[in-house]
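These numbers were taken from a predicted model, which means no experiment stands behind them.
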Amino acid sequence: MKKDIKEVIVTEKQIKDLCVKLGKQITLDYKDKENPILLGLLKGCIPFMSDLMKYIDLPVEVEFMDVKSYHGGISSSGDIKIRMDINTSVYNRDIIICEDIVDTGKTLDTVVRLLKHRGARSVEVVTLLDKPEGRLIPFTPKYIGITIPKVFVVGYGLDYNELYRNLPYVGILKERVYSK
Ligand code: IMP
């Protein structure tokens, strides 16, 4: 896998520090809320959510949704499908959506609107990576680990054609991998 990576842009050490920082912020902001739901968007959220939740020092419920926006390519199709829905009611609940990356903003805009429509009391987003130059609609996550330029990255949950999710860092994929 490593031979396909042009450059590491977020190291394991940086990721750990970002998880600690975000976990502390969320702990502080949600200390008076009753059992917020940490809602991971599969599959990209897996490493980030499992690290981040260790640093949220509050009782939280953990739930998942599988929302598909990319179809094996390197740019957003804008076509969003809910493949697996959350398993509990969000009515009157405080939701923290946990995402690997925000690019066009379409996935999160759709999910936030859906959860609010279902009666969630509050919906905020924590993302490890933010690619603001990729936005097609205005969307600002409340908690951002690190802002990156408009490049296609893999690792730490992020995939190209379902591969590279298990890299422990975030890196830029060599162009020859997707121009084959
Ligand atoms: P958005 O709806 O365009 O904001 O897309 C967010 C989703 O697109 C993320 O959850 C990822 O699955 C995918 N995505 C966006 N940028 C990248 C990238 O650089 N590498 C891998 N997946 C990406």
Problem - Heavy-atom check, side chain of Lys106 versus side chain of Ile137, under 4.5 Å - result: yes

Completion exercise
Minimal heavy-atom distance between Val170 and Gly155, with the atoms involved, is CG2-O, 4.2 Å

Practice task
Taking the side chain as every heavy atom from C-beta outward, state whether Leu173 and Ile5 have any pair of such atoms under 4.5 Å apart.
Solution key: yes

Exercise for the section: Kindly work out whether a path of hydrophobic side-chain contacts (I/L/V/M/F/W/Y, heavy atoms less than 4.5 Å apart) joins Tyr169 to Leu129. Expected result: no

Exercise for the section: Please answer: with hydrophobic residues joined when any side-chain heavy atoms are less than 4.5 Å apart, are Tyr164 and Ile9 in the same cluster? Expected result: no

Handout entry: Pairwise side-chain contact, Glu124 with Ile95, heavy-atom cut-off 4.5 Å (strictly under)
Key = no

Handout entry: Results of salt bridge (Lys or Arg N to Asp or Glu O under 4.0 Å) for Asp130 - residues two or more places apart only
Key = Arg135

Exercise for the section: Taking all heavy atoms of Leu42 and all of Asp66, pick out the closest pair and write down the distance. Expected result: O-OD1, 3.5 Å

Practice task
Check whether any side-chain heavy atom of Arg118 lies under 4.5 Å from a side-chain heavy atom of Tyr91, and answer yes or no.
Solution key: no

Fill in the blank from the handout: Rounded to the nearest 0.5 angstrom, the CD-CD1 distance for Glu99 and Ile144 is 12.5 Å

Problem - Spatial distance of atom CE (Met65) from atom CG (Leu114) [nearest 0.5 Å] - result: 5.5 Å

Problem - For the student: nearest non-hydrogen atoms of Leu18 and Gly145, plus distance - result: CD2-O, 3.3 Å

Practice task
Please answer: with hydrophobic residues joined when any side-chain heavy atoms are less than 4.5 Å apart, are Leu115 and Ile82 in the same cluster?
Solution key: yes

Problem - Salt bridge flag under 4.0 Å for residues Asp29 and Lys24 - result: no

Exercise for the section: Please confirm whether the backbone N or O of Arg83 pairs with a side-chain atom of Lys68, one donor and one acceptor, at under 3.5 Å? Expected result: no

Problem - Side chains of Cys45 and Asp100 in contact at under 4.5 Å (non-hydrogen atoms) - result: no

Practice task
Give a yes or no answer on whether the side chain of Lys6 reaches the backbone of Glu175 with a donor-acceptor pair at less than 3.5 Å.
Solution key: no

Problem - Cluster overlap Leu38 with Ile97, hydrophobic side-chain contacts below 4.5 Å - result: no

Problem - Contact check, side chains of Tyr160 and Val177, non-hydrogen atoms, under 4.5 Å - result: yes

Tell me which donor-acceptor pairs under 3.5 Å the side chains of residues 46-58 have, and how far apart each pair is, sequence neighbours excluded?
| from | atom 1 | to | atom 2 | distance (Å) |
| --- | --- | --- | --- | --- |
| Ser50 | OG | Ile46 | O | 3.0 |
| Ser50 | OG | Pro47 | O | 3.1 |
| Asp51 | OD1 | Lys54 | NZ | 3.2 |
| Asp51 | OD2 | Tyr156 | OH | 2.5 |

Exercise for the section: Give, for atom CD1 of Ile37 and atom CZ of Arg93, the distance between the pair rounded to the nearest 0.5 Å. Expected result: 4.0 Å

Practice task
Measure the CD1-CD distance between Ile148 and Glu133 for me, rounded to the nearest 0.5 Å.
Solution key: 9.5 Å

Exercise for the section: Would you mind reporting whether Val123 and Val90 have side-chain heavy atoms less than 4.5 Å apart? Expected result: no

Handout entry: Residue list, salt bridge (Lys or Arg N to Asp or Glu O under 4.0 Å) with Lys13, at least two apart or on another chain
Key = Asp17

Problem - Student check: side-chain heavy atoms of Ile96 and Leu39 closer than 4.5 Å - result: no

Handout entry: Plane angle bin for Tyr30 and Tyr143 - parallel if under 30°, tilted between 30 and 60°, otherwise perpendicular
Key = tilted

Exercise for the section: Is it possible for you to say whether Leu22 and Ile15 belong to one hydrophobic cluster, with membership spreading through side-chain heavy-atom contacts below 4.5 Å? Expected result: yes

Fill in the blank from the handout: When rounded to the nearest 0.5 Å, the distance separating CD of Glu61 from CG of Asn87 is 11.0 Å

Exercise for the section: First locate atom CG of Leu163, then atom CG of Asp4, and finally report the distance between them rounded to the nearest 0.5 Å. Expected result: 9.0 Å

